[in-house]
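Computed from a prediction, not measured in an experiment: that's the story for all the values here.
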Amino acid sequence: MVYIILGKGFEEIEAIAPGDILRRSQIPVQYAGIGGRVVEGAHGISLQADITVEELSLADMDMIVLPGGLGGVESIENSDTAMAAVKYALDNGRYVAAICAGPTILGKRGWLDGKNAVCYPGCEEGMGKAIVHPEKEAVVDGNIITGRAPGAAIEFGLTVAGMFKGEFTPDTVAQYMVYERR
């Protein structure tokens with residue numbers, strides 16, 4: 001199961017695009033809300049989460065996805081349950097994917113030290129000792145996937161989906177979406 005964490009103020013496209021792509025790829029995904037099942041994004045769009053973060057099944061988790069948005073990032077960092085799930089994923093070899101300001105959640109805690117990563121331009125100082133590649137849309141280093149910004153949400157979603165053997169490959173999904181991968 002892939003869990004996409006929604007905290008108040010999350011970047012909507014960074015949550016919706018990966019979730020949509022995962023579902024198109026026939027990969028199980030659930031949105032998990034912090035503070036309830038209806039969570040308002042950074043631009044006033046509310047999403048209905050499938051579950052709350054308290055309902056996460058860590059044993060069933062294959063990946064946790066952390067959308068950006070400064071409010072969303074702050075919500076995740078202030079949620080003991082969400083942060084425990086991120087730590088569980090890292091400690092147990094599960095995938096952790098973060099986009100935009102989301103990678104700073106990992107960087108501030110040293111979880112990106114020595115790893116190749118990308119983040120929203122201007123968030124580099126929150127990346128710890130990561131090797132930041134500002135020219136890339138999405139970067140995979142071991143079990144950590146990072147994405148650059150809202151404009152990279154589709155490429156990030158396809159990269160996330162590529163970590164699994166879904167019914168459809170990311171290139172097939174991209175083709176159906178009429179999206180040219182870079």
Side-chain angles (χ1 to χ4, degrees), residues 1-11 14-23 25-39 41 47-120 123 126-131 138-147 153 156-166:
M1 177 65 65
V2 176
Y3 292 115
I4 300 174
I5 306 300
L6 302 177
K8 183 173 172 51
F10 68 93
E11 272 289 345
E14 295 169 2
I16 294 170
D20 177 87
I21 290 165
L22 286 162
R23 288 183 177 173
S25 301
Q26 302 298 306
I27 296 165
V29 61
Q30 287 187 317
Y31 289 94
I34 295 172
R37 289 194 182 199
V38 177
V39 184
L47 284 189
Q48 173 75 42
D50 302 295
I51 60 174
T52 66
V53 290
E54 290 77 18
E55 297 172 297
L56 292 172
S57 173
L58 299 182
D60 294 332
M61 177 174 49
D62 297 304
M63 176 185 284
I64 191 165
V65 179
L66 311 172
L70 295 177
V73 167
E74 183 179 345
S75 293
I76 292 169
E77 290 181 315
N78 290 330
S79 167
D80 292 339
T81 304
M83 290 305 298
V86 174
K87 185 165 182 354
Y88 177 89
L90 291 166
D91 289 347
N92 290 279
R94 305 306 205 281
Y95 291 108
V96 176
I99 183 169
C100 196
T104 64
I105 295 168
L106 309 174
K108 291 176 193 173
R109 288 157 183 82
W111 294 334
L112 289 179
D113 288 357
K115 295 202 175 278
N116 294 291
V118 66
C119 64
Y120 188 83
C123 288
M127 295 293 283
K129 295 179 184 170
I131 303 158
V139 173
V140 178
D141 193 332
N143 65 328
I144 296 177
I145 303 100
T146 52
F156 174 74
L158 291 165
T159 301
V160 163
M163 301 294 103
F164 302 98
K165 293 185 187 217

Which atom of [X] lies closest to which atom of [Y], heavy atoms considered:
| X | Y | answer |
| --- | --- | --- |
| A59 | R94 | O-NH2, 3.4 Å |
| V118 | M127 | O-CE, 3.8 Å |
| I99 | A153 | CD1-CA, 3.9 Å |
| I34 | A82 | CD1-CB, 4.1 Å |
| E77 | T104 | OE2-O, 4.5 Å |
| A98 | L106 | CB-CD1, 4.4 Å |

What distance do [X] atom [atom1] and [Y] atom [atom2] have between them, rounded to the nearest 0.5 Å?
| X | Y | atom1 | atom2 | answer |
| --- | --- | --- | --- | --- |
| L66 | T146 | CG | OG1 | 11.5 Å |
| I105 | W111 | CD1 | CH2 | 9.0 Å |
| I131 | D141 | CD1 | CG | 7.5 Å |
| C100 | L70 | SG | CG | 7.5 Å |

### Query
Which residue, D60, I51, I4, forms the side chain to side chain contact (heavy atoms under 4.5 Å, CB included) with Q30?
I51
May I ask you to test the [X]-[Y] pair for a side-chain heavy-atom distance under 4.5 Å?
| X | Y | result |
| --- | --- | --- |
| Y88 | L56 | no |
| F156 | V65 | yes |
| R109 | K87 | no |
| N143 | M163 | no |

Main-chain N/O of [Y] paired with [X] side-chain donor or acceptor, under 3.5 Å:
| X | Y | value |
| --- | --- | --- |
| R23 | P28 | no |
| D62 | V2 | no |
| E11 | G68 | no |
| Y31 | A15 | yes |
| T81 | E54 | no |
| Y3 | V53 | no |

### Query
So with a 6.0 Å cut-off around CG of D80, is the heavy-atom count from everything else above 12?
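Atom CG in D80 is not crowded, with 12 or fewer foreign heavy atoms closer than 6.0 Å.
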### Task
Under the side chain to side chain contact (heavy atoms under 4.5 Å, CB included) rule, what do I145 and M63 come out as? Steps first, then yes or no, please.
CA-CA 10 Å; I145 303 100; M63 176 185 284; 3.8 Å; yes
### Query
How far apart are the C-alpha atoms of L90 and I144, what are their side-chain angles, what is the distance that settles it, and do they pass the side chain to side chain contact (heavy atoms under 4.5 Å, CB included) test?
CA-CA 9 Å; L90 291 166; I144 296 177; 4.0 Å; yes
### Message
Pair V160, I21 - check side chain to side chain contact (heavy atoms under 4.5 Å, CB included), show working.
### Response
CA-CA 9 Å; V160 163; I21 290 165; over 6 Å; no
#### Entry: side chain to side chain contact (heavy atoms under 4.5 Å, CB included) assessment of V39 paired with L47
CA-CA 5 Å; V39 184; L47 284 189; 5.6 Å; no
